[in-house]
Amino acid sequence: MKKKLSAQLLDQRVNYASFEESWYKRWNDSGAFLPLSDRLEQEGRTKEADIAKKEHFSIVIPPPNVTGKLHIGHGLNTILQDILIRYHRMLGKNVVWIPGTDHAGIATQNVVEKIIEQEGNSRETLGREMFVTRVAAHAEEHRNIIREQLEKLGASCDWTRDNFTFSDRLSQVVRDVFVRLWEKGLIYKGHYLVNWSTKSQTALSDDEVEYKSVTGKLYYVQYPLVDSDAVLTVATTRPETIFGDTAVAVNPEDERYAAYVGSLVRLPLTDKKIPIIADAHVDTSFGTGALKITPAHAINDYEIGKRHNLDVVNILNTDGTLNDTVPEEFRGISVQEARGLAAQKLEEEGFLEKTEPHTHQVGYCYRTGVPIEPYLSEQWFVKMKPLAEQALQTWEEQGLTFFPERWKNTYLHWMNNIRDWCISRQLWWGHRIPVWYNSETGESIVSRDDPHTIPEHAGKKFHQDEDVLDTWFSSWLWPFSVFGWPEKNSDVENFYPTSTLVTGYDIIFFWVARMVMAGLEFTQQNPFRDVYITPLVRDKKGRKMSKSLGNGIDPLEIIEMYGSDALRFTLSYQLSQGTDLLVDAESFSFGSRFITKLWNASRFIFRMMDDVVPCRWEDIALDSTDKWMINCIEAVTNQVHTAMAEYQFNGAAHVLYDCVWGDYCDWYVELAKRHLYSEDIEIRSRMVNLLLHIHKRILTLLHPFLPFVSEEIHSMIPEAIRHETELIVTEYPIFCEDLMYNEEGMRFATMQTIVRAIRSTRSEFSISPKKQFRCVIEVLVDDPVYSIIVAFQEEICFLCNIDAIELCQTFDYSFTPMTRILDNVRIHLDIRSMVDDEKELQRLHKQIDKITKVLKQCEQKLNNKQFLEHADPSVVQQQQELYELSHTHMKQTKEIVEMVKGAPE
RNA sequence: GGGCGAAUAGCUCAGUUGGUAGAGCGCCUGCUUUACACGCAGGAUGUCAGGGGUUCGAGUCCCUUUUCGCCCACCA
């Protein structure tokens, strides 16, 4: 083996920057991110390509918004998808991961509007066309930024299939779907009370409203009766909406007000007269039991108004200021200001009886954070019930599994309580609603194409509906629109339905549930088989990461500091299924240390291969230690597969970590040194070859989790031994039970126990690691441990730094050793002259306490008839053995105590 | 009001058919041993939130209480 190591192997630290970017480029350029079938077809291997198509694994990325940069939550989401993609790619499936971005109507429009405002402009002065161009440029810029970030994270997605929710093709799909739903009668237009964002001046869907608990005031306002001196006091949190009141309602059962029903009250601050009505909705126990009804500005009031044919008086402009229906001094001021002013006026004029502090839920716009106003306007809606019912009926038989399973409930709950979906937005950035109005007749046409281009409508003039569609109206089609649906092309055929969706729980309603409905409605299939719900990434104090708190973590900064693999490994290792993920920048040193460890082990092995001739795995004779190591790796392989099948990323990361650091580095590589420092070239050669082969296997197992560094190290393995292909397209190790050496595994574990006992004693008495001492092990010849010690004699000596082990059947106590008892074995160490007997006595007494405890527990169980009758016989036997063993230990430990006490210093 | 989740070492968390409690970080001791001091070897640390139940046996299953977090729905 010629020593052809890269210079960086000299470094004890991994220089991530030197290879991460270049590996990404190499993978992408080599077509590794393409589906296997594409790669084979490109090579003209069509038959094999056809076979490859039989089993696919596909993921569509939850498209990030083109508003800004990716945060650590995106990082986690991306990493998990990439682990899945790489894992399944290595399993030989026809894998594709579709990248893409979301035009994010309201969010992006907001961001760009802010920029424009800073320039002293407004979208109105720019005009719609200019504004949209401007937003498009912003979107394009951020699509590139996002792509770069995904590349840095190692995302192995197929960039030839990149998508954008606002691309021409996907826009066509959106129009197509709109028309289909319209034709089915599932889309309607009408005047309704909707959630209105006064900041963006658009309607929102119910799901886009975030409720927060707010402490405000409850105002008790007196409404004088018209025909008497009596007053009716209502309690309200919104005195400013008094101008929109068209009735006062009381509960029909409420005897206090029964006499008033049907009479009129005068609206304070105005001269309007409104009726007192009875409606069962009114809660007699809240406030005064009298409720002012403002149909235009409260959902329930609107419903009550409809029942009683009340007038609907809208008092707001679209920007949330009061309009011309209100008294002069209120016009043009904001709701907030109007509330204060109304309260003041009411007080001045003697209508305000009292105020009380009051906590209630207030809706806010999820994008701009401004309070939502219920606002009467003409909007487009999708009738969701039929879609939801269909989905509820079929989604389960079609097999959709949530991981963790409990999120199914969240999803089902929403489906079962579905409400119609307001899909029109009064924005400029988004898919225009595909409805045109005849400029002369006003007659409307719902069409996939501009009617001006349709011969049937030649000569007529149309204008398109001004509104755009909710962003989610394109997102809910994402799992199939990205493949080219409704076209019946090969991508749809090969990759749809997709395999797994990886997303956060915050968008189960917005997105996951709607995708299922769309999938079933338009493709008669669930759009994905599994849904993996990621936890949220929070700071160490458990707070959500946010710009205002400044506690956010930029994944790029972490990559800069520790490397992409460290970010990936830390997140996947720390991930838990139950709770959110708590991290700060320093957390990532965990992954970094692991990679450094792997790196240094690699360095060490590579340095040993100077004059060694590579050989095949099959030609290497294995000793017990080798078999134990292989056994560990097989077991880990099995555990990784099991964990991955259940989306237990952390489980897989844990077993890999433990195996690499614990079994491999701490034990196997350490023991290998025995051979590596040998004078005999044969011995050295065997060991180096073995290490290289095992190292290769480990790197292959690690690849989905540590793609960059595993690929880099793998590339340094001599050609004769390393995989023919790059790791990214190498076959993932399959668990093979026949390769298990369980017997060797157990024997090695016994050896480890002996080593630990000796090391522990050495350390406990602060005996220098260099100091040698005599070691006699007392064990019966027919005890299985005897043969283990014989077999591993050299290993034990090497690991404990002792010269030799003397085995005996009965020990001659004349040389006053320190004794350690393990099972049926007594280890006698000649260190009495180096240690403090008091210390040893303390330790022995502690041990006696421990054994006493175990004995007590055993006795309790073994004296219990119920236990003997009910417990599994193997468990009973185990207890019996433990009891006997502990008994012997006790006896022997006491003997040792006596010996130490009696022995001369 | 309804639902969900969490509570295990100082901190962050594993602990998937019930059978003698684990890791990492931090802490303490020893070691610059020719891969790694982002290291090695060793060590200390727990009323598994409280209570009750099922069971021979419960961190694990059931009930209940408390605290924290989240979601949904709401009384203006």
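Residue numbers start from 1 in every chain, and the chains themselves are labelled A, B, ... in the order their sequence lines are given, proteins ahead of strands.
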Can you check whether Arg543(A) has a side-chain N or O nearer than 4.0 Å to OP1 or OP2 of C70(B)? no
With RNA chain B as reference, determine whether Ile767(A) or His654(A) sits nearer its 5' end, using the nearest nucleotide of each. His654(A)
If you check the Cys665(A) side chain, which of A76(B), C38(B), A35(B) turns out closest? A35(B)
Applying a 3.5 Å limit to both distances, which nucleotide forms a Watson-Crick or G-U wobble pair with A41(B)? U29(B)
Please work out if Asp580(A) contacts a base, only the sugar-phosphate, or nothing of the nucleic acid, heavy-atom cut-off 4.0 Å. sugar-phosphate
Please tell me if Arg762(A) has a side-chain N or O lying less than 4.0 Å from either OP1 or OP2 of G42(B). no
Tell which nucleotide pairs with U47(B), taking only Watson-Crick or G-U wobble pairs whose two distances are both under 3.5 angstrom. none
Ring center gap for His358(A) and Phe286(A) short of 6.0 angstrom: yes
When you check the phosphate oxygens OP1 and OP2 of C4(B), does a side-chain N or O of Trp414(A) lie under 4.0 Å from one of them? no
For A35(B), take OP1 and OP2 only and decide whether either is under 4.0 Å from a side-chain N or O of Tyr664(A). no
Does any N or O donor sit under 3.5 Å from an N or O acceptor when you compare the side chain of Gln574(A) with the base of A14(B)? no
Taking the side chain of Arg419(A) as heavy atoms from C-beta outward, which of C36(B), A73(B), A6(B) is closest to it? A73(B)
For G5(B), give its Watson-Crick or G-U wobble partner with both distances under 3.5 Å, or none. C68(B)
Decide, yes or no, whether a salt bridge links Glu859(A) with Lys861(A) under the criterion of side-chain N to carboxylate O below 4.0 Å. no
Measure from the side chain of Tyr677(A), starting at C-beta and using heavy atoms only, and say which of C31(B), A35(B), G39(B) lies closest. A35(B)
What integer number of Å spans the C1' atoms of A9(B) and G22(B)? 10 Å
Using OP1 and OP2 only, check whether a side-chain N or O of Arg13(A) sits under 4.0 Å from C38(B). yes
Could you please name the partner base of G57(B), counting Watson-Crick and G-U wobble pairs only when both distances are under 3.5 Å? none
Pair Tyr664(A) and His695(A), ring centroids less than 6.0 Å apart: yes
Per the side-chain contact (heavy atoms from CB on, under 4.5 Å) rule, which among Val835(A), Thr761(A), Leu829(A) passes with Ile767(A)? Val835(A)
Report the nucleotide, chosen from G42(B), A76(B), C36(B), that has the shortest atom-to-atom distance to any side-chain atom of Asn600(A). C36(B)
Tell me which nucleotide among C13(B), U12(B), A35(B) gets nearest to the side chain of Thr579(A). C13(B)
Out of C72(B), A41(B), C38(B), which nucleotide sits closest to the side chain of His413(A)? C72(B)
Is a side-chain N or O of Asn251(A) found less than 3.5 angstrom from the main chain of Asp283(A), in a donor-acceptor match? no
Answer with base, sugar-phosphate or nothing: what part of the nucleic acid does Asp666(A) contact at a heavy-atom distance below 4.0 Å? sugar-phosphate
Looking at Arg406(A), does any N or O in its side chain come under 4.0 Å of the phosphate oxygens OP1/OP2 on G3(B)? no
Is the distance from OP1 or OP2 of C40(B) to the nearest side-chain N or O of Lys597(A) less than 4.0 Å? yes
Looking only at atom P, what distance separates U60(B) and G69(B), rounded to whole Å? 25 Å
Ring centroid separation Phe590(A) to Tyr657(A) under 6.0 Å: yes
Could you tell me which nucleotide pairs with A21(B) by Watson-Crick or G-U wobble geometry, both distances under 3.5 Å, or answer none if nothing does? none
State yes or no: are the ring centers of Tyr366(A) and Phe510(A) separated by less than 6.0 Å? yes
Closest to the Gln866(A) side chain, choosing from A44(B), C56(B), G24(B): C56(B)
Need the pair for A76(B). Rule: Watson-Crick or G-U wobble, both distances under 3.5 Å, any strand; none if unpaired. none
If you look at every strand shown and take non-hydrogen atoms under 4.0 Å, does Glu586(A) touch a base, only sugar-phosphate, or nothing? nothing
Protein-nucleotides 15-19 of chain B N/O pairs closer than 3.5 Å?
residue	atom	partner	partner atom	Å
U16(B)	N3	Gln648(A)	OE1	3.3
U16(B)	N3	Gln648(A)	NE2	3.1
U16(B)	O4	Gln648(A)	OE1	3.0

Closer than 3.5 angstrom, by distance alone: can the side chain of Asp11(A) be matched with the main-chain N or O of Arg13(A) as a donor-acceptor pair? no
Can you confirm whether more than 12 heavy atoms, excluding those of Glu405(A), are under 6.0 Å from its CD atom? no
Answer with yes or no after comparing the ring centroid distance for Tyr532(A) and Phe403(A) against a 6.0 Å cut-off, counting only values under it. no
Closest listed nucleotide, where the reference is the side chain of His358(A) and the choices are C13(B), A35(B), A76(B): A76(B)
Name the closest nucleotide to the Arg593(A) side chain, picking from C40(B), U12(B), C25(B). C25(B)
Closest approach to the side chain of Thr596(A), judged atom by atom: which nucleotide of C4(B), G42(B), C38(B) is it? C38(B)
Ser760(A) side-chain N/O to G43(B) phosphate OP1/OP2 under 4.0 Å: yes
